[in-house]
Protein chains: 2
Amino acid sequence: MEIGRPYSRLLHRLERLSELSAHDRQLIAELPLTVANFSANTEVARYGDTPSRCTLVLGGFLYGHKRVNGSQRQITSFFVPGDIADLHTLHLAPLDHELSALGPAVVAFMPHRAFRDMLDRSPHLTQAFWRDTFIRLGIMREWVTNLGRRDAIARVAHVVCELAVRLQNVDLAQNLSFSIPWTQTDLADACGISNVHANRVVQELRRHGLMDWDSRKVMIRDWDAVAKIGDFSDEYLQLGRPLEREPLLGAKVSERV
Amino acid sequence: MEIGRPYSRLLHRLERLSELSAHDRQLIAELPLTVANFSANTEVARYGDTPSRCTLVLGGFLYGHKRVNGSQRQITSFFVPGDIADLHTLHLAPLDHELSALGPAVVAFMPHRAFRDMLDRSPHLTQAFWRDTFIRLGIMREWVTNLGRRDAIARVAHVVCELAVRLQNVDLAQNLSFSIPWTQTDLADACGISNVHANRVVQELRRHGLMDWDSRKVMIRDWDAVAKIGDFSDEYLQLGRPLEREPLLGAKVSERV
DNA sequence: CGACCGATTGACACAGCTCAAATGAAGTGG
DNA sequence: CCACTTCATTTGAGCTGTGTCAATCGGTCG
């Protein structure tokens with residue numbers, strides 16, 4: 001979880017979306033951050049809350065979810081380091097869903113006031129964050145498609161592929177292998193299936209030698225096969241330019257420096 | 001489909017999100033619009049396109065969808081008059097999904113260049129449109145939940161409730177009754193079920209006297225019951241302030257002027 | 001009148017769910 | 001270092017909601 005500066009992954013991601021001027025970088029660097037730690041499965045923001053700050057993920061994972069019928073849970077998004085998990089609280093309140101830590105997580109809170117000041121000073125940063133919102137919208141379209149029209153094994157494969165690519169994008173996955181502190185029940189709640197069935201699907205993927213899944217470690221052994229099963233293509237994630245994208249998706253992955 | 005000015009529903013919706021100055025209204029009024037007609041089931045924008053303009057719905061309905069396995073279709077959003085269906089093309093290209101007309105539709109194209117000029121001149125309008133993007137994100141979260149954790153009848157009820165409220169918001173539904181040129185197959189593709197099952201669900205809703213569904217006309221007879229079945233609450237649509245919201249959702253609906 | 005499209009119905013199949021119990025892994029405290 | 005707890009994974013056995021296939025019906029339009 002150690003990185004140069006707390007906001008460096010965020011910067012890295014923004015810079016893939018648009019060129020940032022030195023001034024923009026400076027503005028981000030000046031944001032007042034309050035670092036906080038959350039232990040596994042604790043709530044970072046609750047339904048109905050009206051937060052006065054945004055939450056930047058520094059280490060670990062957050063996830064957004066809604067409850068249905070009181071008992072059932074649907075995970076609506078995963079957030080990885082470098083993501084701002086509740087940018088919308090800048091504009092909308094109260095919160096229409098819950099935000100929780102998947103495993104132990106480190107986040108930085110950024111006061112709305114300071115964030116808005118920053119945006120006022122740089123229309124260009126406003127554009128960059130707005131663009132980020134559009135990308136999140138694209139991810140949601142893909143999730144809707146995933147849940148609406150793919151069977152269980154495809155859903156699981158798709159979610160795993162998405163996480164692999166997103167993590168690789170922030171240097172948290174190497175060779176299509178990454179650590180994430182989720183349970184099979186978490187996976188099930190993201191894929192809209194039961195935990196029992198999630199287990200069967202994971203076993204099937206393992207049995208065919210397509211991927212490993214041991215105690216919080218996922219490793220995709222055969223990218224092409226898994227991507228095919230999950231009907232996955234990374235276009236919707238809008239990472240970098242095509243030239244940069246090639247090596248990211250090949251079965252072999254080149255080291256990024 | 002006749003309204004005062006082409007952009008009046010858009011203005012109406014934006015004004016619910018934030019106060020607009022005379023200057024802002026003026027900027028919107030000055031947007032160069034190209035009106036176009038589309039007949040039922042024609043494509044407005046194709047997967048892979050790089051449009052140079054945004055699409056404002058004036059009359060009728062558009063819907064976004066993705067294809068899975070070549071054959072299956074998942075509708076990811078419905079767009080009603082006053083909605084901009086592809087605002088994201090302002091920032092992202094190429095298009096990751098298709099945009100089509102549900103029935104005959106009238107749209108207005110707004111060149112990106114002019115739209116960006118407008119945003120440059122009014123940070124406040126930028127905020128308003130960004131906020132609109134966040135609302136769309138909220139709708140997507142709700143759809144993910146709908147598809148992931150609700151059974152068929154609840155999904156259908158939920159989608160119908162959402163459309164009723166959104167249409168009522170732009171004066172296109174009265175007394176929880178509205179016209180929409182969709183087929184049961186369209187409904188099915190939005191709800192992630194088969195067209196045969198969609199038909200059975202519609203019949204069940206009819207049988208219990210909860211709603212009518214005759215040739216493109218939907219009428220909710222018992223709002224409370226349908227909203228309960230669909231686990232629907234309109235909060236996520238972020239329409240107006242609580243005070244304005246009351247009458248909108250009661251079984252009885254007051255006339256809006 | 002014929003063609004076409006959407007709604008409807010019936011019969012059957014199956015993916016995935018629920019319930020329930022067993023197994024395994026990782027602490028925790030004595 | 002062993003009981004004990006707790007939580008996640010795994011397995012088995014029905015059950016059911018929904019899908020698929022195929023046929024029919026009804027309306028609309030040229």
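Comparing the local axis fitted to the first five base pairs of the helix from C/dC1-D/dG30 to C/dG30-D/dC1 with the one fitted to its last five gives a bend of 40°, rounded to 10°.
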Quiz prompt | side chain to side chain contact (heavy atoms under 4.5 Å, CB included) between A/Glu43 and A/Ser100, worked out | solution = CA-CA 4 Å; A/Glu43 293 176 326; A/Ser100 305; 4.0 Å; yes

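Put simply, the residue from B/Val156, B/Asp231, B/Val159 that forms a side chain to side chain contact (heavy atoms under 4.5 Å, CB included) with B/Asn146 is B/Val159. The side chain to side chain contact (heavy atoms under 4.5 Å, CB included) test with B/Ile180 singles out one residue from B/Asp186, B/Val80, B/Leu163, and that residue is B/Leu163.
For the residue pair A/Glu162 and A/Tyr236, a side-chain donor N or O sits within less than 3.5 Å of a side-chain acceptor on the partner.
Note that CH2 of A/Trp213 and CD of A/Gln203 are 12.0 Å apart. Values are rounded to the nearest 0.5 Å.
Sorted by first and then second residue, the salt bridge (Lys or Arg N to Asp or Glu O under 4.0 Å) pairs with a member in residues 188-215 of chain B read A/Arg149-B/Asp189, B/Arg73-B/Asp189, B/Asp212-B/Arg221; sequence neighbours excluded.
Using cut-offs of 30° and 60° on the angle between ring planes, the pair A/Trp182 and A/Phe78 is perpendicular. Between B/His88 and B/His97, the ring planes are parallel. Angles under 30° get that label, and only those over 60° would be called perpendicular. Ring planes of B/Phe38 and B/Phe109: perpendicular class, angle over 60° (limits at 30 and 60°).
Here the side chain of A/Arg155 pairs a donor or acceptor atom with the backbone of A/Arg150 at under 3.5 angstrom.
Taking the 5' to 3' direction, DNA chain D first and last meets chain A under 4.0 angstrom from a heavy atom at D/dA8 to D/dA13. Between chain A and DNA chain C, the heavy-atom contact criterion of under 4.0 Å yields a 5' to 3' nucleotide range of C/dG16 to C/dC19.
For the pair A/Leu33/A/Pro6, a side-chain contact is recorded, criterion being any heavy-atom separation below 4.5 Å from C-beta on.
Residue contacts for B/Thr183: at a heavy-atom cut-off of 4.0 Å it reaches the sugar-phosphate backbone alone, with no base atom in range. Residue B/Arg216 is classed as a sugar-phosphate contact, given heavy-atom separations below 4.0 Å to backbone atoms only. Here A/Asn195 lies out of heavy-atom contact (under 4.0 Å) with every strand.
With sequence neighbours excluded, no residue satisfies ring-ring contact (aromatic ring centres under 6.0 Å, His included) with B/His197.
Across A/Tyr63 and A/Ala101, no two heavy atoms sit closer than the pair CE2-O, 3.8 Å.
Contacts of residues 196-208 of chain A with DNA chain C (heavy atom under 4.0 Å): A/Val196, A/His197, A/Arg200.
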